[in-house]
Amino acid sequence: MLPGKNKTGRPRVIGPAELATLRRLVGDGVSVTEAAGTLKIGRSTAYEALTQRREGV
């Protein structure tokens, strides 16, 4: 493992800024599918991010 790296594996697709934008879009009435397309992430990734972060995981 590289020095300074705490985690191995695939990097996260969606960060805090993207999650905030996703929540704002969905809160404004845009469907999750359309919001995911706007952010260029998969629909399942968007749903997963919304449910995991809401549950505090």
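What's counted below: heavy atoms across the whole structure, side chains too, no hydrogens, waters or symmetry copies. Just so we're clear, the structure is a prediction, and the values are computed from it rather than from any experiment. Nothing fancy with the numbering, it's 1 onward along the sequence.
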*Please identify each residue that fulfils side chain to side chain contact (heavy atoms under 4.5 Å, CB included) with V32, with sequence neighbours left out.*
V26, A46, Y47, L50
*Where the side chain of Q52 meets the backbone of A49, is there a donor-acceptor pair that is under 3.5 Å apart?*
no
*Kindly give the heavy-atom pair with the smallest separation between I14 and E18, and that separation in Å.*
CG1-CB, 3.3 Å
